[in-house]
Amino acid sequence: MRNTTLSRLALLGLATVSSLALAANTVNGEIRFDARFTTSQKNNADVSVGDANEAPDNLFISRARLDMQGDVAKNWTYGLRLEVKEFENSQLNLEPSGYLATYGSSDNFPFLTYASFVNDMSANFARAYVTWSGIENINISFGRIGCPEITSDRLYYKPFIGQYPNNTTIGTVVSYAGDHAGFSIDGKAGPVGYSFGVWQQTNMRNIDSLPAVADALQQSGSVSTSSLAAFQSAFVADADAQFAASNYNAKSLRLGYGGRLSFAHKMNASTSYGIGIGYNQAPLNAPVAVITVGQLGATSGSSYTQPTYSISSFNHLQNYAVDGSAVFGAFQVNVGYEWQTLKNDTNALYNSNSSYNAAAQVFNEDGKANAFWIEGGYLIMGDSYKFDAGQAVVSGVKLRENQAGLEIVARYGKETRQNVLALLNHPGNQDFNTSGSPIQAANPSLLLASVNHAGSLQNALELFVDNSQSGQIVASDDVAFEEKVTGYAIGLNYYLCENAVIKAEYEQRNYEFQRMASGSAYVDSLNYRSVQNIRLRADYSF
């Protein structure tokens with residue numbers, strides 16, 4: 001009976017989608033193939049790493065999408081998007097599958113930049129919404145919407161292919177949006193364009209009662225260790241210290257919100273420019289708990305004393321962006337700058353005993369990040385670039401009738417992450433100092449940190465940091481760790497028509513990870529690596 005009911009519902013759903021497709025005013029879609037090859041990857045000793053440690057070569061379908069729009073009633077329209085889920089449209093989610101899909105590793109290290117999907121709807125419905133347009137130049141949408149983007153790097157027509165798997169290009173730190181249940185409003189008033197939205201970012205809870213974790217550890221007395229690894233094992237193993245439901249607040253619905261304002265000006269038929277500003281707040285799908293060990297146990301007879309440590313929680317990101325775009329006939333340029341903050345949500349630092357771990361003030365500071373990029377392009381063959389005045393961004397290329405197009409593009413960017421954002425984004429395994437790893441620290445004694453999932457719910461991360469080594473970070477410092485990523489890319493795009501393009505791209509990125517230890521000539525360079533990639537793409541839209 002159950003199978004029969006499910007079959008009927010499936011047939012009803014298929015019939016409904018088919019009828020909507022036949023009745024739709026417009027139907028369009030896109031199919032995209034990608035190939036990515038790592039040509040060189042070097043570690044901090046400037047030695048090429050083995051093939052097993054390189055990012056894998058891939059040939060895959062990165063997008064398969066079908067959009068349908070139609071009228072429901074006067075001033076009301078609907079929209080449906082069916083697609084194979086793809087990394088580029090992902091939301092921020094700290095699940096290990098993002099890392100596993102990238103490197104095929106058994107280490108469950110989830111990166112903020114390597115986002116993965118949350119299956120909170122059917123497998124293939126990316127969007128399902130209705131839009132009311134009863135007021136001129138104002139659109140209000142409800143349902144499963146595309147969250148408003150805040151930066152031209154996400155709105156821009158994207159001549160570059162970007163880093164696998166989420167297609168982030170050099171000089172961008174925001175990976176937050178995707179499709180969610182919510183509402184949005186957008187429109188244009190003269191030269192000013194705007195968009196704003198509120199959506200369900202996640203239904204997971206944020207860490208609320210970290211003191212209970214610390215108190216449980218203190219009372220249990222089970223954490224008596226002489227090393228970070230032993231402390232971590234005892235912390236995770238202690239039943240009272242697990243992150244259970246009682247350690248999360250009762251607010252199960254967590255909302256993301258954001259918007260963008262832009263100004264555009266058309267000087268003549270072939271020249272336009274615009275600027276935009278944006279803000280976004282995005283709750284993390286998996287909160288982060290940072291446990292800083294300031295002093296490990298000293299021997300007392302045959303046992304060890306309890307270490308001094310503090311705990312702090314980070315539950316959401318804030319993002320700001322400003323950008324500018326311009327087209328001059330066959331030339332275009334796009335520049336932007338972004339700020340990101342991973343907010344510390346705890347009101348105080350919690351310690352397992354009376355010995356205060358003052359240095360934890362640094363490790364538990366907000367995670368900070370910033371990035372900038374400059375990008376340009378020239379149509380060797382073609383007519384001119386298109387410009388979207390509503391978003392103040394370059395929106396594509398215009399070709400001459402019955403002719404193909406050829407475009408050359410170049411981009412330079414830089415990203416800097418500090419403190420917890422540096423540790424969470426640092427390219428590495430669960431153990432930051434695994435022997436033989438291409439990301440092994442140049443000075444392992446100055447970088448003792450590891451990440452693991454905590455508790456049976458698997459919806460929080462614990463980041464353990466050892467600050468008991470020589471050259472300690474002290475309370476007067478404001479940065480504990482810093483990661484810098486710089487790089488450039490050049491690309492050649494061949495347009496068979498405006499809707500069909502073949503792209504080839506070469507990109508190099510350099511990573512440097514530093515510990516900002518007091519009294520150590522300002523910084524200790526812990527890791528350096530470089531990666532060069534070639535990427536190919538074939539894209540057809542209709």
Side-chain angles (χ1 to χ4, degrees), residues 28-41 54-67 81-90 98 101-103 113-117 126 149 151-172 175 177-178 332 334 373 375-382 385-386 393-399 403-413 487-509 531-542:
N28 52 65
E30 185 179 3
I31 183 74
R32 194 168 69 189
F33 298 87
D34 274 21
R36 325 219 178 184
F37 308 95
T38 299
T39 59
S40 174
Q41 183 169 331
E54 286 186 350
D57 297 336
N58 288 277
L59 175 61
F60 55 96
I61 298 177
S62 59
R63 174 177 290 173
R65 171 183 294 174
L66 183 67
D67 285 313
R81 170 171 289 177
L82 293 147
E83 73 175 346
V84 175
K85 289 184 179 294
E86 42 111 2
F87 286 109
E88 186 176 27
N89 197 33
S90 64
T102 308
Y103 290 103
T113 51
Y114 294 156
S116 60
F117 285 97
E149 303 287 3
T151 170
S152 65
D153 196 60
R154 302 275 292 193
L155 293 164
Y156 188 43
Y157 80 104
K158 297 183 180 178
F160 290 99
I161 300 172
Q163 182 182 23
Y164 178 81
N166 59 352
N167 287 343
T168 55
T169 44
I170 307 164
T172 179
S175 180
Q332 61 87 6
N334 173 247
W373 72 89
E375 182 175 295
Y378 172 65
L379 279 174
I380 301 172
M381 296 167 49
Y385 283 97
K386 300 176 182 179
V393 294
V394 185
S395 59
V397 300
K398 181 181 179 181
L399 304 180
Q403 290 187 11
L406 185 64
E407 176 188 25
I408 185 171
V409 290
R411 179 181 177 112
Y412 174 81
Y488 68 90
I490 56 174
L492 194 65
N493 304 326
Y494 180 74
Y495 292 85
L496 287 79
C497 60
E498 291 183 5
N499 298 327
V501 58
I502 299 172
K503 298 182 178 182
E505 172 186 315
Y506 171 82
E507 182 191 84
Q508 174 169 327
R509 297 190 188 216
V531 181
Q532 296 84 41
N533 296 290
I534 292 177
R535 305 184 179 96
L536 305 174
R537 171 174 293 174
D539 194 316
Y540 174 69
S541 58
F542 58 89

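All residue numbers in this chain count up from 1 along the given sequence.
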(request) Only counting residues at least two apart or in another chain, list the ones meeting side chain to side chain contact (heavy atoms under 4.5 Å, CB included) with Leu406. (result) Ile380, Met381, Leu492, Tyr494

(message) For Tyr378 versus Tyr385, what's the shortest heavy-atom pair and its separation?
(response) N-OH, 3.4 Å

(request) Could you check if a side-chain atom of Leu379 sits within less than 4.5 angstrom of a side-chain atom of Val397, using non-hydrogen atoms only? (result) yes

(message) With heavy-atom distances below 4.5 Å as the criterion, would you say the side chains of Leu536 and Phe37 are in contact?
(response) yes

(request) Write down the atom of Glu407, the atom of Tyr495, and the distance for their closest heavy-atom approach. (result) OE1-OH, 2.9 Å

(request) Measure across Val409 and Pro159 and return the closest heavy-atom pair with its distance rounded to 0.1 Å. (result) CG1-CB, 3.7 Å

(request) Nearest 0.5 Å please: distance from the CZ atom of Arg32 over to the CZ atom of Arg537. (result) 3.5 Å

(message) Minimum heavy-atom separation for Ser152 and Val393, please, with both atom names.
(response) CB-CG1, 3.6 Å

(request) Identify the two heavy atoms, one from Ile31 and one from Ala64, that lie closest to each other, and give their separation to 0.1 Å. (result) CD1-CB, 3.9 Å

(message) Are the side chains of Phe160 and Asn493 in contact, using a 4.5 Å heavy-atom criterion?
(response) no

(message) To the nearest 0.5 Å, what is the distance between OG1 on Thr151 and CG on Asn334?
(response) 7.5 Å

(request) Mind checking the CG-CZ spacing from Asn533 to Arg509? Nearest 0.5 Å is all I need. (result) 8.0 Å

(message) Under a 3.5 Å distance rule, please check whether Arg411 uses its side chain to pair with a backbone N or O of Trp373 as donor and acceptor.
(response) no

Between side-chain atoms of residues 497-506 and protein atoms elsewhere (two or more places apart, or another chain), which donor-acceptor pairs fall under 3.5 Å?
{"unit_1": "Glu498", "atom_1": "OE1", "unit_2": "Lys386", "atom_2": "NZ", "d": "2.9"}
{"unit_1": "Glu498", "atom_1": "OE2", "unit_2": "Leu399", "atom_2": "N", "d": "3.0"}
{"unit_1": "Lys503", "atom_1": "NZ", "unit_2": "Lys158", "atom_2": "O", "d": "2.7"}
{"unit_1": "Glu505", "atom_1": "OE1", "unit_2": "Ile161", "atom_2": "N", "d": "2.5"}
{"unit_1": "Glu505", "atom_1": "OE2", "unit_2": "Arg535", "atom_2": "NH1", "d": "2.8"}

(message) To the nearest 0.5 Å, what is the distance between CG on Leu66 and CG on Leu82?
(response) 6.0 Å

